[in-house]
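See structure below.
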Number of protein chains: 2
Amino acid sequence: MRVMDRSVKNCYAGHMARPRQFDEEQVLRAVRDQFWDAGYAATSLEDLMRVSGLGKGSLYGAFGDKRQLFLRALRSYNETSCGYLQEMFSSTPRVLDALRAFLAAPVSDPGGAAARRGCLMANSTYELATTDPDVLTEARRTYETTTGLVAECVARAQDEGDMPRDADPIETARALLVAQQGLVFMGRTGLDIDKLTVTARTLTAQLLPGA
Amino acid sequence: MRVMDRSVKNCYAGHMARPRQFDEEQVLRAVRDQFWDAGYAATSLEDLMRVSGLGKGSLYGAFGDKRQLFLRALRSYNETSCGYLQEMFSSTPRVLDALRAFLAAPVSDPGGAAARRGCLMANSTYELATTDPDVLTEARRTYETTTGLVAECVARAQDEGDMPRDADPIETARALLVAQQGLVFMGRTGLDIDKLTVTARTLTAQLLPGA
DNA sequence: CGAGTTATTAACTGACCGGTCCACCATATG
DNA sequence: CATATGGTGGACCGGTCAGTTAATAACTCG
């Protein structure tokens, strides 16, 4: 359970009396999973100590307070997500397939566990965006980035002759993102994953060309 | 601020020593707005006392604990919402227009205030559905009801010759609901209401026939 | 009018939370 | 090996929370 690491990851120059005994990224991952499953408010510092294996002092020393720790985990999550997206978009031979995969991503997990868990950024938006301006900013930033990435893909699909030229890439990207987030949401309502998968196919057929 | 009412709304038969000094439905509305704006966890009993004008004792005497009060407010909200929906569906001359209005409902508010506020059921699903089984049940029930209502509409639109006969009404309804909830979500991210309105139009054009 | 019943109010309780602080300790350096 | 540095863990604190209780007020009905 405990996340220990002898490797020296400190960034200070000066004198280094004692290196961190934990790996910051491992801690961020553990903390992110906790926030992901339970939400921000429902996660206590005790929970964070348990999943990270660290004491309060270490947590506060390394990350500041609970909110800052959460924001770091959230940003890390978003960077990872956007990274995955970019990789998928750039590695899929036919970019239209990547767009299909993007739309259907919320139902890509066979058992539906991922669908029930939802998306940390979406969960956080619903819980905190109205009260915490930093979360709102992060949400806007992330979804604008995502829209941009998808729009690039749409433009490439147009170049490849797989999508009609008359559609605005940005606008198409927004429609796809909206549909995707709708799927994410319905997954959270506990809607049967098979039914949701069918709906994802229906939406794919209507929003993206080809069979 | 105080919600007083001399009308006797108690349901007991037996001896009625002292009637409620407040109207239960008015209190439920006030409480619902509070939960709607701040969420469940972020709403304290003090908040509930403030917006209802009642003391703790009265609140607990009439509704039980915070969670029960929340569930009552949520159910009342859902009944009202479904009522509005049914009324719109039955009063719109051409049922296809009702479907368009349903899909675009999240952006129907000019200023975008409603979009930013979101939907109480959606907010609650994100905050509580994973931890509170009653909320999850309520979510499933509500969205199944909604799907059913929309599906009826789709079938009627088919009868009126406004939609192709080959589509499954239930499946079409799910796709529309998913798209609508996607719009609700993007509204919560603070996406500009004008952009969101355009996207709503884009989705309408792709998911519903006709101009 | 008064006895009985219920609504109302505010003081109170115990638990828990986020955050601070400090004594202790592991390590790098000379 | 001695010392300085800063990581570590847990005791501790003030505040807030949901929920309880008991005294009081308001009302019905005989």
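Quick note on labels: first sequence line is chain A, next is B, and so on, each numbered from 1. Since the model is a prediction, treat every value here as computed from it, not as a measurement.
- To the nearest 0.5 Å, the span separating CZ on B:Arg140 from CG on A:Asp192 amounts to 7.5 Å.
- The closest side-chain donor-acceptor pair between A:Ser44 and A:Asp47 falls under 3.5 angstrom.
- The residue from A:Arg75, A:Gln68, A:Arg67 that alone fulfils the side chain to side chain donor-acceptor pair (under 3.5 Å) condition with A:Asp134 is A:Arg67.
- A:Phe35 does not carry A:Lys66 over the face of its six-membered ring by the limits of under 6.0 Å from the centre and within 45° of the normal.
- Computed from coordinates, the A:Arg50 CZ to D:dG10 P distance equals 15 Å when rounded to whole Å.
- Here the P atom of nucleotide D:dG19 and the CZ atom of B:Phe63 are 15 Å apart, to the nearest Å.
- Residue A:Leu203 holds its CG atom at 10.0 Å from CG of A:Leu208, rounded to the nearest 0.5 Å.
- With no hydrogens or angles considered, a side-chain donor-acceptor pair links B:Asn78 and B:Thr142 at under 3.5 Å.
- Counting to the nearest Å, the P atom of C:dC21 and the CG atom of A:Leu59 are 17 Å from each other.
- Side-chain nitrogen and oxygen atoms of B:Ser58 include none within less than 4.0 Å of the OP1 or OP2 phosphate oxygen of C:dA7.
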A correct 5'-to-3' footprint of nucleotides 13-20 of chain C, with B, S and - meaning base, sugar-phosphate only and no protein heavy atom under 4.0 Å, is ----SBBB
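- Per the geometry, CG belonging to B:Leu54 stands 12 Å off P belonging to C:dA10, to the nearest Å.
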